[in-house]
Structure formats: C-alpha cells, structure tokens
Amino acid sequence: MEKHGYDVTYLGIGCDGKINLEELEAAITDKTGLISVMFVNNEIGTRQPIEEIGKIAKKHGVLFHTDGVQALGNFRIDVKEMNIDMLSVSSHKIYGPKGVGALYIRKGLRISNYIHGGAQEMKRRAGTENLAGIVGFGKAAEVSMHNFDWHVKHCSELRNYLVEEILNKIPNTYLNAPLEDRLPGNANITFEFIEGEAMLLYLDSHGISVSTGSACSSASLVPSHVLTALGVPVEKIHGTLRLTVGDFTTKEDIDYTVKALIEVVDKLRKISSVSEQKGW
Ligand SMILES: *Cc1c(COP(=O)(O)O)cnc(C)c1O
C-alpha cells in the first residue's frame with residue numbers, strides 16, 4: 001500500500017507479543033481506512049486481542065482485516081462477533097492441500113478486483129478455480145472443526161511438555177513470549193551461546209524439522225523482525241529455534257527431540273565462538 005502512496009503506521013508489540021490497544025486507537029486518524037493485524041503470529045504464536053481490535057475498528061468506522069492463517073483450527077473464530085471485515089486463511093496449515101486459501105469478505109463490503117481478465121469470483125479473481133484444492137480445503141476445514149478440542153488439548157499438552165523438558169534439562173535456555181494466549185503447538189526457544197542454523201542442520205540430520213525465524217524467510221540470515229520487535233537482542237535471535245508440534249506428534253517424538261537437543265547444544269557450546277567466556 002505504501003508503494004501505492006498510502007501512509008502506513010506500524011505498531012510495535014509489548015514483551016507479551018501483543019500490540020498495545022491504546023497505541024492502536026491513538027494511531028487512528030480521520031484518514032485511516034484499514035487496520036490489519038495478524039490474528040496469531042506464526043513465529044512466537046501470540047494471539048492478538050482480536051475482539052478488542054474489532055471493537056476499536058468498528059467504533060472508528062475503519063475496516064478490519066486479519067491474517068487468520070495460524071488461527072484457523074487453533075482458536076475459535078467468529079467473524080461477526082469479532083467485527084472482522086476480512087479474514088484470510090490458508091488450507092495447508094490445517095492439513096489441507098497446498099496452494100489454496102480463502103479470503104472472507106463481509107457481506108456488503110466491496111473490494112476491487114485483484115486478478116483481472118475473467119469473470120470468475122464475481123470478476124474479483126480472474127482465472128479458473130482450483131476445484132480439487134477448494135474441495136480439499138473444505139474437507140480439511142470440516143475435519144479440523146470436528147477435531148478442534150482434541151487438537152488443541154493434544155498440541156498444547158505436548159508443547160508444554162517440550163518446553164518444560166528443554167528449560168529444565170538444558171541450561172541457558174528460555175521461552176520467548178508467554179504461554180498464555182498462544183498457538184497450542186508453538187514453542188519459540190532461545191539457546192544462548194549457540195548458532196541456530198548449526199542446531200537446525202544437526203537436528204535435520206536426525207530427522208527433526210525445526211526452523212529459525214519463519215519458514216517464509218528460511219533462506220535468509222536477517223534476524224527475525226518478530227523477535228526483534230519483541231526486544232530479543234540479535235545474538236540471542238541467532239540462537240533461537242521455533243519448534244512446533246502437530247496432530248501426528250507423539251510424546252516419544254518429544255523425548256527423541258529433547259535428547260538430540262541436549263547432545264547438539266552440548267557439542268556446539270563446546271566449540272562455540274559465541275561463548276559466555278568471550279563476553280556475549
Ligand atoms: C503460512 C502463513 C501465511 C502464508 O500462507 P501460505 O498459504 O503458506 O502462503 C500467511 N500468514 C501466516 C500467519 C502464516 O502462518
């Protein structure tokens with residue numbers, strides 16, 4: 001939008017990972033047309049106060065869009081109750097097929113077409129629909145709703161166990177952002193005096209997939225903007241891993257992962273240039 005000449009105000013987050021509602025409200029001017037806030041962050045798993053943001057948007061007559069990709073299947077979403085005008089979601093994050101997503105647009109709200117040419121989707125999105133993808137997404141949504149309570153319990157219990165095990169068994173580790181209001185399967189942990197990339201490669205060779213930063217920027221070594229906004233210093237960001245559990249993760253998987261982590265952390269700290277002794 002900035003490229004199209006709009007002014008954009010970026011809001012920071014507190015140490016709880018959430019935006020400040022007073023700051024949000026104070027940033028609204030008579031020119032403000034849109035508020036867009038992620039429902040749930042994909043790196044640290046923080047759920048934003050969507051209900052309150054929706055109320056503020058409504059009070060000021062500003063449209064409210066939220067990226068609900070991580071929220072889908074993990075938190076109750078009620079677009080009406082939450083005053084959400086637009087909600088974007090993606091299929092593969094709920095075990096549906098890749099390459100298909102959806103944008104909810106409140107009835108009565110008119111948006112301009114963004115893929116021009118054909119008359120599909122009421123001329124808003126030209127191009128032949130990916131029917132198999134759409135049907136697959138629909139089925140995945142149905143399964144996700146059916147499994148909702150089980151999924152949330154399963155993932156949060158395993159995640160809590162994973163966090164507890166790491167923090168108890170590996171010294172100089174800590175969890176970024178609180179466990180409250182957090183994506184059930186998400187843990188984001190800093191291992192001090194270590195390079196995350198080295199940990200990632202070692203774990204990968206043991207069949208464990210983790211990420212440093214978000215998957216979308218996995219090819220870059222630029223420190224995560226999310227952790228930067230959270231106030232994590234840069235050398236600690238480089239020692240940070242995002243570990244996530246899902247429906248198919250078992251307690252044995254967690255034990256296996258913690259064991260591998262203990263090994264790799266020990267190995268790397270012995271040879272680390274980012275050591276405590278060297279003043280980091
Ligand atoms: C994965 C993700 C996206 C991107 O969705 P894709 O369908 O993978 O392109 C956007 N926002 C959030 C919060 C995500 O987690």
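Remember, it's 1-based here, ligands and their atoms both numbered in the order they're listed. This one's a predicted model, so the numbers in the text were calculated from it and none came from an experiment.
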**Study point:** Side chains of Glu43 and Ser224 in contact at under 4.5 Å (non-hydrogen atoms)
**Key:** yes

Revision key, fill the gap. Of Lys93, Met38, His92, the one whose closest heavy atom lies nearest atom 2 (C) of ligand 1 is Lys93

Review point. What do you reckon, are the aromatic ring centroids of Tyr95 and Phe137 less than 6.0 Å apart?
Key: no

Exercise for review: With Arg47 as the cation and Phe39 as the aromatic partner, state whether NZ or CZ is under 6.0 Å from the six-membered ring centre and within 45° of the axis.
Suggested key: no

Check your understanding: Among Ser90, Gly99, Gly68, Ala71, which residue places a heavy atom closest to atom 7 (O) of ligand 1?
Key -> Ser90

Check your understanding: Between Asn42 and ligand 1, is there a nitrogen or oxygen pair with a distance under 3.5 Å?
Key -> no

Review point. Within the distance-only criterion (no hydrogens, no angle test), does the side chain of Gln48 pair as donor or acceptor with the backbone N or O of Ile19 below 3.5 angstrom?
Key: yes

